[in-house]
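These notes concern the structure reproduced below.
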Amino acid sequence: MSLAQRLLAGVALVVAVLVLLIVVLSGGRLSRELEQWEVDDLARDARFVAAEWKPGVDAEALAKAAGAALGHRVTLIAPDGRVLGDSEFEGDALARLENHAGRPEVRAAMQGETGVSRRVSPSIGDQRLYVAVRAPLGVARLSIDTGQLDAIISRARRDVFASGFAALVAALLLAVVFARSVSRPIVELRDVARGLAAGDLSRRPALSAPGEIGDLADAVHRMAEQLELRLATLQSNDELMAALIDALQEGVVAVSAGRQVVIVNAPARRLLGIGDAVPFSADLLPRGFELREALAGALAGAPSEPAELVLGGRTVMLTARPLRDGGALLALLDLTRTRRLEAVRRDFVANVSHELKTPITVIGGFAETLATDDPPPEQRRRFVDAIRGNARRMQRLVDDLLDLSRIESGGWVPKPERVDLAMLASETVSAFAPAAEAAQVTLGTRIDARAATLTADATALRQVLSNLVDNAIRHTPAGGRVTILSEPASAGGVVLSVSDTGIGIPAEHLPRIFERFYRVDPARSRDAGGTGLGLAIVKHLVEAHGGRVTAESGAGRGTTVRAVFPPGAVTTS
């Protein structure tokens, strides 16, 4: 027997017993007879009140007294419908009662009949049964709350139900036996379904039942397996999508139609300065005009053209696109590095052009003079020396540019070896002795025994010392001193320094001295033969070893440039 048939048979049996015992014994006839009995009782009381309502009797006082004696609401109504007395109202409240001429029971009573009506009282607000009879001075009406009548009917029905209790118990016993056979598997399936809905995908129905319940258990089992597989796939896709979004260099912000930010990746958080966990209100996004306008337009369905704006000091390319569900997608591309590199490129081209312009002009001018005129031998020699000097200057500039380009592009990689710093410093002093003597500057070394060797590229170290010593000599006046020093670093490694007693560098220029072509005093540097690239080359060479370069100076207090090399193997990049 199928589940539907068993449910139908059981319900039919229970309903048949209940209908037989309740409907047959306490049908509508009992209610009608009880209500008619109450109507007759109210009519008798109403006729009694009507008989007492005689000329000279105060209608209001009579209604009050009769209501108190009978326990019902008593209303005395004039032939024109005015309420002259009411056991529930007095004074101004009585005067404000509506005209009762249109009440159905009043109209019937005025025609000599017993008026009966059942409705909600507009003055009291409860469901009432009204009975009205004709009186010598108008209409006498009594009413009772139907709740009282219903209570009487309920008491009568309880008496009837008591007689059928035995039959009801028998029906319930049959229903219990029937329900147990059906409820156990249904309860188990319910518990499994609730577990699946709560996210416990390991739940499976263990029952084996015949008919439709067995088929349902098998279907729930298959559904749970498919649900687990699909949720795992969705979770994997969500994790992959989240990883892809976070891996983008472009910031991504997704805003729902309700102006809630539902997706924001790490680059967008960095660019917008957002730390809130999603979802959060779009009002918490930065309040820049361009950003707000682009978001509002996208939420309204209008995409925006890419636009550059500044957020937190960074240059950002913003694009806004509407989504199908009414939301919006913001794409933020950080252009700060690109714009900075473009500025560096422009500055580099301008600086190189400026550095080459003077020697080319000098060479061209003197060459043209030698080609068109025939100056005296002494003047000719001066022209040739000037041409040669400026040619050397251009050669040094080109060499430094090539070295810097090779280092920055990764075309040069340090070849570490153990270098004796005392020997390297001595070689550098010997190489620059003529220049130091011509400038009347004393060259010296002070190599600490604890930092006498260094694992680094020997050629790079020579270039670092050469650039620093050359720079120090050119900026140290006659009688000054330039010293090459080494000492242990506080965190391990070696600090290689070049210190001078020269003119020094003002504090405001120190952060920029390692930039290409940056000069504290451009005119003096060019006159001294500097290219403006020496310190930039030093910085890149030291950083290629995993180290760092610092400068300590002050106007008139000399300068010390320190190259800090880390301990251990050379770091290449």
Query raised in the report: Within a reach of under 6.0 Å around CD of E552, are more than 12 heavy atoms found that belong to other residues, nucleotides or ligands?
Result: no
Query raised in the report: Roughly how far apart are R259 CZ and S281 OG, rounded to 0.5 Å?
Result: 6.5 Å
Query raised in the report: Hey, does V261 have a side-chain heavy atom less than 4.5 Å from the side chain of V253?
Result: yes
Query - Which atom of V564 lies closest to which atom of A489, heavy atoms considered - result: CG1-CB, 4.3 Å
Query raised in the report: Do any N or O atoms from the side chain of S117 and from the backbone of E105 form a donor-acceptor pair under 3.5 angstrom?
Result: no
Report task. Give the minimum heavy-atom separation between E38 and I144, together with the two atoms involved. Result -> OE2-CD1, 3.3 Å
Query raised in the report: So, do V116 and L129 sit near enough that their side-chain heavy atoms are less than 4.5 Å apart?
Result: yes
Report task. For atom CZ of R269, decide whether the heavy atoms of other residues, nucleotides or ligands shown that lie under 6.0 angstrom number more than 12. Result -> yes
Requested in this report: Examine distances only and state if a side-chain atom of D325 and a backbone atom of A257 form a donor-acceptor pair shorter than 3.5 Å.
Outcome: no
Requested in this report: Measure across A328 and L295 and return the closest heavy-atom pair with its distance rounded to 0.1 Å.
Outcome: CB-CD1, 4.0 Å
Report summary line: Distance col, row D145:CG vs R73:CZ, nearest 0.5 angstrom, shows 11.0 Å
**Report entry** Considering all heavy atoms, the nearest L84-W53 contact
**Finding:** CD1-CZ2, 3.7 Å
Report task. Could you tell me whether the side chain of N265 and the main chain of E250 form a donor-acceptor pair under 3.5 Å? Result -> yes
Query - L70 vs V49, side-chain contact (heavy atoms from CB on, under 4.5 Å): CA-CA, chis, key distance, verdict - result: CA-CA 10 Å; L70 299 174; V49 174; 3.9 Å; yes
Query raised in the report: Can you tell me how far CD of E88 sits from CG of L97, rounded to the nearest 0.5 angstrom?
Result: 10.5 Å
Report task. Please answer whether the main-chain N or O of S304 pairs with a side-chain N or O of R321 as donor and acceptor at a distance below 3.5 Å. Result -> yes
Requested in this report: Please answer whether the main-chain N or O of V131 pairs with a side-chain N or O of R141 as donor and acceptor at a distance below 3.5 Å.
Outcome: no
Query raised in the report: More than 12 heavy atoms of other residues, nucleotides or ligands under 6.0 Å from CZ of F48: is that the case?
Result: no
Report task. I would like to know whether F89 and V83 meet side-chain contact (heavy atoms from CB on, under 4.5 Å); could you show each step before the answer? Result -> CA-CA 10 Å; F89 298 93; V83 178; over 6 Å; no
Requested in this report: Could you pull out the closest heavy-atom pair between P136 and A50, with the gap in Å?
Outcome: CD-O, 3.4 Å
Report task. Apply the test side-chain contact (heavy atoms from CB on, under 4.5 Å) to residues N99 and R82: give CA-CA distance (whole Å), side-chain angles for both, the deciding distance (0.1 Å), then the verdict. Result -> CA-CA 5 Å; N99 190 289; R82 288 182 298 108; 4.2 Å; yes
Query raised in the report: Crowded around E98 CD? As in, over 12 foreign heavy atoms under 6.0 Å?
Result: no
Query raised in the report: Taking side chain as C-beta onward, heavy atoms only, is R44 less than 4.5 Å from D41?
Result: yes
Requested in this report: With rounding to the nearest 0.5 Å, note down the distance linking OG1 in T75 to CZ in R103.
Outcome: 10.0 Å
Report task. Could you grab the distance from atom OG1 of T146 to atom OH of Y130, nearest 0.5 Å is fine? Result -> 10.0 Å
Query raised in the report: Which pair of non-hydrogen atoms, one from A43 and one from V133, has the smallest distance, and what is that distance?
Result: O-CG1, 4.3 Å
Report task. Please assess S553 against L510 for the test side-chain contact (heavy atoms from CB on, under 4.5 Å), listing each intermediate value before the final yes or no. Result -> CA-CA 8 Å; S553 183; L510 280 176; 4.0 Å; yes
**Report entry** Close side-chain approach of F514 to V542, heavy-atom, < 4.5 Å
**Finding:** no
Query raised in the report: Can you tell me if R292 uses its side chain to pair, donor with acceptor, with the backbone of P286 under 3.5 Å?
Result: yes
Report task. Step through the shown structure and confirm whether more than 12 heavy atoms of other residues, nucleotides or ligands are within 6.0 Å of CZ on R548. Result -> no
Query raised in the report: Just by modelled atom types, is the G115 backbone N or O under 3.5 Å from a matching donor or acceptor in the R107 side chain?
Result: no
Report task. Rounded to the nearest 0.5 Å, what's the gap from CG on L76 to CG on L94? Could you check? Result -> 10.0 Å
